[in-house]
Structure formats: C-alpha cells, structure tokens
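Given the structure is predicted, the values throughout are model-derived calculations rather than measurements. Convention: sequence-line order gives letters A, B, ...; per-chain numbering from 1.
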2 protein chains.
Amino acid sequence: MPRNKRHLEQGEKKQAILTAAAELFTENGFDGTSMNAIAKQAGITPNTIYWYFPGKDDVLIGVLNDLVRDGLTEAMTMAGLPVRERLMHAIGVFERPESLMNTVHARVAHSEAIATWHARFHMMLEQILISEVCKVGIPTERAATVSRLLVYVIEGLLSHPHQENDRHEMIDAMLELAGVDA
Amino acid sequence: MPRNKRHLEQGEKKQAILTAAAELFTENGFDGTSMNAIAKQAGITPNTIYWYFPGKDDVLIGVLNDLVRDGLTEAMTMAGLPVRERLMHAIGVFERPESLMNTVHARVAHSEAIATWHARFHMMLEQILISEVCKVGIPTERAATVSRLLVYVIEGLLSHPHQENDRHEMIDAMLELAGVDA
DNA sequence: ACCTGAACACCGTTCAAGT
DNA sequence: ACCTGAACACCGTTCAAGT
C-alpha cells in the first residue's frame, strides 16, 4: 500500500500544488516563495513538483491561468454592467497577488514559456478591449490604438500600489479622453 | 605595497563596479547577473562589492541613478525640441537596459531601498511631465491626471519590446487624446 | 580604509532508487 | 506512474583575517 495520503485522482495533486503556490505567491511574491515552501504547503517533497511541472516558471503560468479563468468567468456574470465597472473589477482580480504581473514582465526576457504566455495574455486583453471600445461607439480605426493605451494604463495600475479612488480617477480620465462617456 | 592595481582615488572603484554592473544588467538583466559576474568584470572579488554597497539592490539603484543623470543632462541639450521628440528620446534611454524597470517593479515589494527610489522616480517624472503638459496649454486641473496616464503609458512602452513606429503611434495618440497638437 | 579566502544558509534543479 | 533522499552547482551575503 502507498505510504502517503493515497493517490489522488488524475490532476488533483497538480491542482493542490497550484493552490499552494497561488497562496504563497500572492502573499510573498514569486521571488519570495521557494519551491521548498510550495512543497511544504502542499504536503509533498520539493522535487515532486518537478513531476508535474518542468520548472518554477511553469508553476507561475499555472497560477496565472487559474487567475485568468476565474477573472473571465466572473466577467461573464457582469455582462450587463458598463465597461467602467467591469474594468474596475478586472483590475481588482489581478491586483491582489503581490504584483505577479511585475514578475511576468521581469521574466519575459529569461523564460520562453513566460514570454509566450505574456504575448497571449496581451492579445487576449487587447481583443476584449477592442470589442468593448467599439460597442461604445469609437471608430474602428481608433479602437485598436485606444485599447493598447488602455492595456498599458491597466498594467500601470496593476504594477503600482494605489488608492481605490486614484484608480477610479485614472480609468475615468482615460475613458473620457478616449471618448467614452462615463 | 598593495598587492593589486594600486588604490584608485576616492570613489573611482565604486564607479568601476557600477560601470561593470550597468553593462551586465543591460545585457543579461538583474536576475541574470550574479555578484560574482559583476566582480569578475570589475576585476575584484565578489565580497569586495559589499564594502561599497550594502547589497545587490543598492548596486541596481546606483546603476539606475547613473541612467537618470545621463538622461536628464541629455534632455537639457534638447530643450528647444517639442515634447514629443523629448519623450521619444527619454524612452530610448531607459529602454535599452533589458527591462530594468521591470526589475524595479518586481523588487519594490521586497526592498525598502528600491521602494523609495521608485517613489522618488515617479514623483520626478510626474513633475517634469506636468510642467511640460502645462506649457502646451492643458488646464492645470487636468495636467496632473494626464501626466500620470502618460507615466503609465511610458512605463508600458519600457516594459514591452515594441517596434519604433508603434512607439510613435502610441505617444502621438496619447498626446492627441490629451489635447496636445502633434 | 580597503580587500580577500573561506564559509554559510539557501536556492532551483537533477537523478538514481524506491513503490 | 508517481514520489523520495541525497546530491549538484550556484546564489547573495558574512566575517575573521590580512595589508
């Protein structure tokens, strides 16, 4: 008989690792979290993580994908609300984890896996914003550029600790400049 | 007599360390550069660096300050040119080093020294932009918010590899939205 | 005052070995 | 197929000792 816990069904342990990692990344950041710490939190040995993931960067990608999935499904339930509210909420989702977005940017240069994740993330975000911005009546020509500006402003907000009302002010200003009536 | 090189005059060796670090950070990034590598490039032993700097983060701060100093003095010589050109040039200065700005953001949460440097840098940049934006005729009320948006867009450009003409397009769009005629 | 050699605790990762 | 113990090379940093 197996020494430990009983084998969990397919993929359940992988998810346990991701849950542990998400918690620690969110609290102490990526660099502040060792594989050792993740393993301990998940109740396994550090090297076991390497059975499920090629390396630490890939654990990060797993955590990020969970965040995106959660963010998108939550966004679905807010389909009725104005762009402004949905933006505000989406930023909230990605802000909590101690600037994981900064870690992504810092590692893009050194990890192929992170680089492609980051590229995909940007395309997705831009695509969503373009369709939102078009709905509101911005000419299609303009929409692409405005969306990229919005992406940068959003990432700026994610990268810098700020007050709730600063966030409102900046998003409102950006939307107003772009021609969206608040 | 001293075993090595002869003592350089006050501060000259410190500068040698910074020069070595700047070169390596620019080429391989902060995480991709070990204290060992910096020391070797500077022709000293790794632990000697700790005589001049409290730690690796402080070496980074030294490198960044050199960059800012160079950027500002260069900006002086461009006093006559329009905002747009000056912005474009300033971004160029900080873009070369493999996303050092991303490293700064990633370490703000873990290093007090980096956090205060970063806060100061933002205030400086915002102050400069506010005065520039006012000169161009934006109402003072607006200027502060527009400047913060600009800071985020600039950092976005610094954080993401992009084509030269993308940069032009985004800065132009931002300035135009803000009411500055290109 | 300035610099080194040797060591420290820790890191991400590997691998042969177990079940 | 899944997991471990033990080891690897490396990291940033410390410190007693030298000049």
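B/L150 has its side chain within reach of B/V133: a pair of non-hydrogen atoms, C-beta onward, lies under 4.5 Å apart. The side-chain heavy atoms of B/F53 and B/L18, taken from C-beta on, include a pair separated by under 4.5 Å. The side-chain heavy atoms of A/V93 and A/D70, taken from C-beta on, include no pair separated by under 4.5 Å.
The cationic group of B/K13 does not satisfy the cation-pi geometry with B/Y52, failing either the under 6.0 Å distance to the six-membered ring centre or the 45° limit from the ring axis.
Atom NZ in B/K13 sits about 11 Å away from atom C1' in C/dT4, given to the nearest Å. Rounding to whole angstrom units, NZ of residue B/K40 and P of D/dC11 are separated by 10 Å. Note: CD1 (B/I49) to P (D/dC11) measures 12 Å, nearest angstrom. Spacing between atom CD1 of B/I44 and atom P of D/dT19 amounts to 19 Å, rounded to whole angstrom units. For the pair B/M35 CE and C/dC10 P, the computed distance is 19 Å after rounding to whole Å. Distance, A/I38 CD1 to D/dC3 P: 16 Å, rounded to whole Å.
Side-chain atoms of A/S131 come within 3.5 Å of backbone atoms of A/I128 as a donor-acceptor pair (strictly under, hydrogens ignored).
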Can you give me the dot-bracket string for DNA chain C, 5' to 3', counting Watson-Crick and G-U wobble pairs with both distances under 3.5 Å, using [ ] for crossing pairs and | for partners on another strand? ||.|||||...|||||.||
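Residues from residues 17-33 of chain A that place a heavy atom under 4.0 Å from any atom of DNA chain D: there are none. Residues from residues 50-59 of chain A lying near DNA chain D, meaning a heavy-atom separation below 4.0 Å, are A/W51, A/Y52 in numerical order.
Checked against the 6.0 Å centroid threshold, B/Y152 and A/Y152 do not count as a close aromatic pair.
Here the CD1 atom belonging to B/I38 is positioned 11.5 Å from the OG1 atom belonging to B/T19, to the nearest 0.5 angstrom. Atoms CD1 and CD, from A/I171 and A/E176 in turn, are 13.0 Å apart once rounded to the nearest 0.5 Å. Note that CD1 of B/I91 is 6.0 Å distant from CZ of B/R167, once rounded to the nearest 0.5 Å.
A/H105 and B/H105 form no side-chain donor-acceptor contact under 3.5 Å, judged by distance and modelled atom types alone. Using a 3.5 Å distance cut-off with no hydrogens or angles, the side chains of B/Q127 and B/H122 do not pair a donor with an acceptor.
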Review item, nucleotides 6-9 of chain D N/O atoms under 3.5 Å of protein N/O:
unit_1 : atom_1 : unit_2 : atom_2 : d
D/dA6  : N6     : A/N47  : ND2    : 3.2

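The stretch residues 29-41 of chain A participates, sequence neighbours left out, in these side chain to side chain donor-acceptor pair (under 3.5 Å) pairs: A/E23-A/Q41. For residues 135-144 of chain A, no residue pair satisfies the side chain to side chain donor-acceptor pair (under 3.5 Å) rule, not counting sequence neighbours.
Among D/dT13, C/dC11, D/dC3, the nucleotide with an atom closest to any side-chain atom of A/N36 is C/dC11.
When heavy atoms are screened at a 4.0 angstrom cut-off, B/S34 is found touching the sugar-phosphate backbone but no base atom.
One finds a side-chain N or O of A/T48 lying less than 4.0 angstrom from the OP1 or OP2 phosphate oxygen of D/dT4.
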Take B/H168 and B/R84 through the test side chain to side chain donor-acceptor pair (under 3.5 Å) and record every step on the way to the result. CA-CA 9 Å; B/H168 286 239; B/R84 181 179 176 281; 3.2 Å; yes
